[in-house]
Amino acid sequence: MIYLDSNATTQVHPEVVEAMLPFLTTHCHNPSSGYRAGKFVKKAVEAAREEVAALIGAKAEEIAFTGCGTESNNMVLKSLARVVGRKNSRVVTSAIEHSAVLRPCEAMEAVGFEVLRCGVDEEGRLRVDEFAELVDASRPGFASVMWANNETGVTQPIAEACAIAKEAGWGFHTDAIQAVGKIPVDVREVPVDFLSISGHKFHAPKGVGALFLREGLRFEPMLRGGGQEGGRRSGTENVASIVGLGKAAALMREGLERDGHAEVRRLRDHFEERLVGEIEGVRLNGSREHRAGNIVHASFERCEAAGLLILLDEAGVQCSAGSACMTGKQQPSHVQKAMGYSDERARSSLRISLSIFTSAEEVDAAVEAVRKAVAKLRSVQGGGVGPVVVYGG
Ligand SMILES: Cc1ncc(COP(=O)(O)O)c(C=O)c1O
């Protein structure tokens, strides 16, 4: 099997598994327990917090562990909504957010908040001028814009958007789930108020995430109870997964500091060159300049992505056509629609996402499989693009 769907989820790094195991067995204690074994476990949680903080240039106290990226997004959006209040306020987000931001925004709308969605250009980047018009300094409000898109990998002008929101006195959150661990993210350079992280996107286990909350800002917890995580997220800590998240953060920081995960980018570029050079009618999607280094997002003329995915799966190559959380939906991706793509182009695109575990041999074998799948589909279909089943994360 050739796994090329790392934006959906990643393999847990063997060193992460190793770091976690003792906390599932010997060190099973509750970090809130007062005896020495409990304190030992607490220390491990705090060491993980330091590592996650170091990955994004935060202070350890500014990190709260959560149950997943979706939870991080929900808890911060709900808090901001409560802090800002419904009266005369405005919420601005982008048209290309993940459902873990889109759905909470819809829930806010349902109770009377005004939510505006800023568009993107054909490269998949936020239209900063439009964003500046939507952010209304005369009203209370907050904004949420993702750091890197999960389908295209395109990175957003976060520094500009954050500056506009701050200038208006608004709160600013970013869903950085597809950026953290893959590209440099530093909250000292980009002064966002809140930032969401998910472990399983960078070789930690599923079911653990984190939220960066800048020191001194008001926050209304979603989960109240025993007061863990400084009262920001009650519930007994998922210790083993938190330790795993800390280890993965350390490993990703090493990779970024060493060479910015250069090998992943090299393989991605090689993949793209071969696709464009060897297959007719391939178009690469999204900004070439502003993007995470691990995604190939391409449209294949006269090919349904749904058909390609089936043929690739049969050939042992796993990739996707959009976002996993939309599995089964017969509609073109909202991200590509926002980029102004035709339904046909949107329905004929694949998202191939690499990781630090992807090898050159796998890339070459996958290109061959794509070439064959495209040829087969074009020969049997003779054109025409039908509905697509969208998969992927
Ligand atoms: C951009 C983005 N936000 C949020 C999420 C949700 O993260 P999690 O799966 O940890 O809930 C994902 C993952 O699919 C994502 O890609």
Side-chain angles (χ1 to χ4, degrees), residues 4-12 16 52 56 63-78 93-107 117 120 124-126 144-156 158 161 173-183 185 192 194-212 222-223 233 238 241-242 244-245 248-249 252 286 290-295 297 318-329 333-336 338 351-355 390-393:
L4 295 174
D5 203 14
S6 295
N7 273 30
T9 194
T10 56
Q11 174 194 333
V12 180
V16 169
V52 173
I56 60 164
I63 301 294
F65 291 115
T66 68
C68 60
T70 300
E71 183 181 310
S72 302
N73 284 347
N74 272 266
M75 66 196 250
V76 71
L77 294 172
K78 285 191 173 135
T93 185
S94 84
I96 58 162
E97 297 296 312
H98 187 273
S99 47
V101 166
L102 292 176
R103 298 291 95 80
C105 283
E106 284 165 12
R117 294 156 184 85
V120 295
R125 299 197 90 217
L126 189 81
S144 176
V145 178
M146 69 198 324
W147 197 297
N149 183 264
N150 46 301
E151 290 184 34
T152 60
V154 172
T155 52
Q156 302 302 318
I158 289 300
H173 163 251
T174 182
D175 171 347
I177 285 166
Q178 293 290 356
V180 170
K182 294 177 180 152
I183 54 174
V185 169
V192 300
F194 303 99
L195 179 148
S196 302
I197 297 174
S198 173
H200 73 107
K201 306 297 183 182
F202 59 95
H203 308 289
K206 294 164 194 52
V208 65
L211 179 64
F212 159 77
M222 189 166 79
L223 297 186
R233 199 275 189 183
N238 179 359
S241 293
I242 288 171
L245 180 59
M252 293 307 109
H290 303 284
R291 56 182 179 148
N294 73 314
I295 303 194
H297 197 284
Q318 298 155 339
C319 60
S320 76
S323 165
C325 309
M326 295 170 69
T327 302
K329 296 230 172 118
S333 123
H334 69 287
V335 176
Q336 293 177 70
R351 179 188 73 175
I352 296 162
S353 45
L354 284 56
S355 81
V390 186
Y391 298 92

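Counting convention: from 1, in listed order, for ligands and their atoms alike.
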(message) Test of understanding: given a 4.0 Å heavy-atom threshold, classify the contact between His200 and ligand 1 as side chain, backbone, both, or neither.
(response)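 The answer is the side chain of His200.
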
(message) Side chain, backbone, both or neither: which applies to Lys201 and ligand 1 if a contact is any heavy-atom pair less than 4.0 Å apart?
(response)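 Under 4.0 Å from ligand 1, Lys201 contributes side-chain atoms alone.
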
(request) Evaluate the criterion side chain to side chain donor-acceptor pair (under 3.5 Å) for residue pair Thr9 and His200; output intermediate values, then yes/no. (result) CA-CA 6 Å; Thr9 194; His200 73 107; 2.7 Å; yes

(request) Mind listing the closest non-hydrogen atom pair of Ala210 and Thr66 along with its distance? (result)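 Minimum heavy-atom contact is N-OG1, 3.4 Å.
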
(message) Which heavy atom of Met252 sits nearest to which heavy atom of Phe202, and what is that distance?
(response)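 Residues Met252 and Phe202, closest heavy atoms: CG-CD1, 3.6 Å.
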
(request) Examine Asn7 against ligand 1 and note whether any of their N/O atoms are separated by less than 3.5 Å. (result)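 N/O-N/O distance under 3.5 Å: no.
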
(request) May I ask you to check whether Gly69 has an N/O atom sitting below 3.5 Å from an N/O atom of ligand 1? (result)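 Among all N and O atoms of Gly69, at least one is under 3.5 Å from an N or O of ligand 1.
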
(request) Evaluate side chain to side chain contact (heavy atoms under 4.5 Å, CB included) for Leu4 paired with Leu354, printing each intermediate quantity in order. (result) CA-CA 5 Å; Leu4 295 174; Leu354 284 56; 4.2 Å; yes

(request) Measure the shortest side-chain to side-chain distance between Asn73 and His98 over non-hydrogen atoms and say whether it is less than 4.5 angstrom. (result)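 Asn73 vs His98: side chains apart.
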
(request) Taking side-chain hydrogen bond (donor to acceptor under 3.5 Å, both in side chains) as the test, write out the residues that go with Thr93, two or more places apart. (result)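 By the side-chain hydrogen bond (donor to acceptor under 3.5 Å, both in side chains) rule, Thr93 matches no residue at all.
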
Taking 4.0 angstrom as the limit and counting only heavy atoms of [X], give me the atoms of ligand 1 inside it, by number and element.
X: Thr70; value: 6 (C), 7 (O), 8 (P), 11 (O)
X: Gln178; value: 1 (C), 15 (C), 16 (O)
X: Met146; value: 1 (C)
X: Cys68; value: 10 (O), 11 (O)
X: Asp175; value: 1 (C), 2 (C), 3 (N), 4 (C)

(request) Sequence neighbours left out, what passes side chain to side chain contact (heavy atoms under 4.5 Å, CB included) with Ala204? Give chain and number order. (result)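 Ala204: side chain to side chain contact (heavy atoms under 4.5 Å, CB included) contacts with Leu245, Ala248.
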
